[in-house]
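Following: one structure in structure tokens, then a few remarks.
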Amino acid sequence: MSAIESVLHEKRVFPPSAKASAGAAISGMDAYKALAEQAERDYEGFWAGLARDTLSWHKPFTKVLDESKAPFYTWFEDGELNASYNCLDRHVEAGRGADNAIIFEADDGTVTNVTYQDLLERVSRLANALKKRGVKKGDRVVIYLPMSVEGVVAMQACVRIGATHSVVFGGFSSKSLNERLVDVGAVALITADEQMRGGKALPLKSIADEALAAGGCEKVKDVIVYQRTGGKVAWTEGRDAWLHEIVENESAQCEPEWVGAEHPLFILYTSGSTGKPKGVQHSTAGTLLWAAQTMKWTFDMKPGDIFWCTADIGWITGHSYIAYGPLAIGATQVMFEGVPTYPHAGRFWEMIDRHKVTIFYTAPTAIRSLIKVSEADAKVHPKSYDLSTLRILGTVGEPINPEAWMWYHENVGRGQCPIVDTWWQTETGGHMITPLPGATPLVPGSCTLPLPGIMAAVVDETGQDVPNGQGGILVVKRPWPSMLRNVWGDPKRYQTSYFPEELGGKLYLAGDGAVRDKESGYFTIMGRIDDVLNVSGHRLGTMEIESALVANPMVAEAAVVGRPDDTTGEAVVAFVVLKRSRPEGDEAKQIATELRNWVGKEIGPIAKPKDIRFGENLPKTRSGKIMRRLLRSLAKGEEITQDVSTLENPAILDQLGEAR
Ligand code: PRX
């Protein structure tokens, strides 16, 4: 049975415990339904109420939703605010400056506490230093930093002065970094000498130097370098500056730049089915509102909670649930520099124990990989740690199979913690479909029901609703505040990718398939319906990897598909035709390794194909179209049952099938 089939056959239901419901922000299904109905009855009033209660406005808004230029929507447009003010100043002004904002644990275990007062001062100093370098409202700043307090400081400092940040994950290659610097038109880059992960120092500054030297980013006048390891770096005088030196003499006060609600808060690149990664553009008010609101609803955050989201700040989860959401509500969070397996695979559990974490949010991939090691070694098993402070668990980024869900529930949650399986995307800004810990009866593997105000539905290819029990296309029927506003510099792509004409031009197309349960209406996500792969919760376009492969001088043609993988969810399988004859045996292995490393250099190690198979050709129709369907079956090792009569070269299937 496939993972999806097993979810669809799942009969176990875990109702919320009385303890989980007591005092919860949404304390039962009645409360949930009341909110959802309120949103349906008075959509704008519902959102306006949340925006007034949750955010601090410098100038109150009078307009709520403007649909006149659909699908380019605006929310709270005439209101003014500053995200950094909402995340820092207002808590300090309320007398909570001495509360911990971030408990940072470094790779080597060193712990640093950063209070709201400290954070505000550090952000203000860097904001002033950026201003001094000429960075101003509307400019874009690229951040290429490791998991660090400095990463959050950099993001907050940008938005404090009205600059829009674009964070690039530290695992991306110089080529990927260069493409993003160019596309976003950055004026400054904030990076580090090196990053520390799993006891190893990995270069960042040298990759940044390479990216800048590759051209097209002449607008980048300043490179600010956080000294993490003290490792040796090359230096360009006049352009490069050490972060600690430029903030040293800056004032710890910086008046926030008040911006309109729609001002771009950040741009974050993500993969699509075609072309280069898209710069997903998010607005200030809408995205901040939903990050904060979902902290309260999905995670039921209360005073005294210690929240820990293990995502990297280079991904949307690290934006909404590290850099913005927890800070906007004045929470205390743990932030971790390292990896779950160093110095041992019990590191997550040890850290939950050490920091008395109450709410823990991670990815199914991490859980699946830790199951394997901890079932083999009792010392690193969650049962060997005191996890009694935990009250809510969460997952994000990919479907969680019921077995992994049950293991997480029993071993990490001791059967007592609700699991919030949160479905959302870079584009949605925050959670969309998720259980509520005090309300929703849980079914392993299902993300259950949409949050109040989120009009999610399953439709067919023409945009018509399909009955429950029947699979279809996941859409959102009405705009919501934290949705993306545009694809940076490419409004046409925004329109065609997310609001396609075939669906009527008004439904937000998520790119996932889904099915709703016949009785409960619960949603189960069936994975991407486009050419986007999800490897360890990281989104990768098959086309990007194909372009990287064919850029190698040895390669004539390449096709990339996904294959289910026990640990990473999906694995990348590449079918490659070389310009020379088809290699075999050791030679094939050696060329495969070379190509794998090549993709690592072109995109980043996360995109390396797990399996590369060489053929003399690819399966094509007589009109020359590659038959990906067949490649997917071959990748899975399935017998080919499809009709292959239209195939130009059926013999190729045997060759690619056996060429492992
Ligand atoms: O396919 C869905 C999957 O991840 C995609 C979004 O990826 P990204 O933009 O990188 O954001 C990941 C973090 C929010 C979705 O289109 N996905 C995300 N969460 C879930 C999921 N699939 C199933 N269940 C989830 N909880």
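Both counts, for ligands and for their atoms, begin at 1 and track the order of listing. Keep in mind that this is a model prediction, so the values were computed, not measured.
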> Which residue and non-hydrogen atom of the protein lie closest to atom 6 (C) of ligand 1, and at what distance in Å?
Replying inline: Trp424 O, 3.7 Å
> For Ser174 and Ala211, which heavy atoms make the closest approach, and how far apart are they?
Replying inline: O-CB, 3.4 Å
> For ligand 1, is there an atom lying under 4.0 Å from some heavy atom of Cys447?
Replying inline: no
> Would you say Gln281 and Thr164 make side-chain contact, with heavy atoms under 4.5 Å?
Replying inline: no
> Against heavy atoms of Val396, which atoms of ligand 1 measure under 4.0 Å?
Replying inline: 13 (C), 14 (C)
> What residue and heavy atom of the protein are closest to atom 23 (C) of ligand 1, and at what distance?
Replying inline: Pro399 N, 3.2 Å
> Heavy-atom distance under 4.5 Å between the side chains of Met483 and Trp290, does that happen here?
Replying inline: no
>> Looking only at the aromatic ring of each residue, does the gap between the centers of Phe172 and Tyr144 stay below 6.0 angstrom?
In response: no
> Quick one: which of Trp308, Phe299, Phe348, Phe336 gives a ring-ring contact (aromatic ring centres under 6.0 Å, His included) with Tyr361?
Replying inline: Phe299
> Can an N or O of Arg528 be found at a distance shorter than 3.5 Å from an N or O of ligand 1?
Replying inline: yes
> Looking only at distance, does Asp421 have an N or O less than 3.5 Å from an N or O of ligand 1?
Replying inline: yes
> Which is closest to atom 18 (C) of ligand 1 by heavy-atom distance: Gly513, Gly318, Gly397?
Replying inline: Gly397
> Would you say the side chains of Glu427 and Thr270 form a donor-acceptor pair under 3.5 Å?
Replying inline: no
> So which heavy atom in the protein is nearest atom 10 (O) of ligand 1, and how far is it from that ligand atom?
Replying inline: Arg539 CD, 3.5 Å
> Looking at Asn534, which atoms of ligand 1 are within less than 4.0 Å of one of its heavy atoms?
Replying inline: 3 (C), 4 (O)
> Considering only heavy atoms from C-beta outward, does the side chain of His431 approach that of Tyr321 to under 4.5 Å?
Replying inline: yes
>> I'd like the name of whichever of Thr395, Asp512, Val280 reaches closest to atom 15 (C) of ligand 1 through any heavy atom.
In response: Asp512
>> Could you identify the single nearest non-hydrogen protein atom to atom 25 (C) of ligand 1 and state the distance to 0.1 Å?
In response: Glu398 O, 3.5 Å
> Of the backbone atoms (N, CA, C, O) and the side-chain heavy atoms from C-beta on, which set of Thr317 has a member under 4.0 Å from an atom of ligand 1: side chain, backbone, both, or neither?
Replying inline: side chain
> Please state which protein non-hydrogen atom is closest to atom 9 (O) of ligand 1 and give its distance, to 0.1 Å?
Replying inline: Thr426 OG1, 2.5 Å
>> Pair Leu288, Tyr324 - check side-chain contact (heavy atoms from CB on, under 4.5 Å), show working.
In response: CA-CA 7 Å; Leu288 190 66; Tyr324 292 107; 4.0 Å; yes
> Mind checking whether Trp480 and Met432 have side chains closer than 4.5 Å, heavy atoms only?
Replying inline: yes
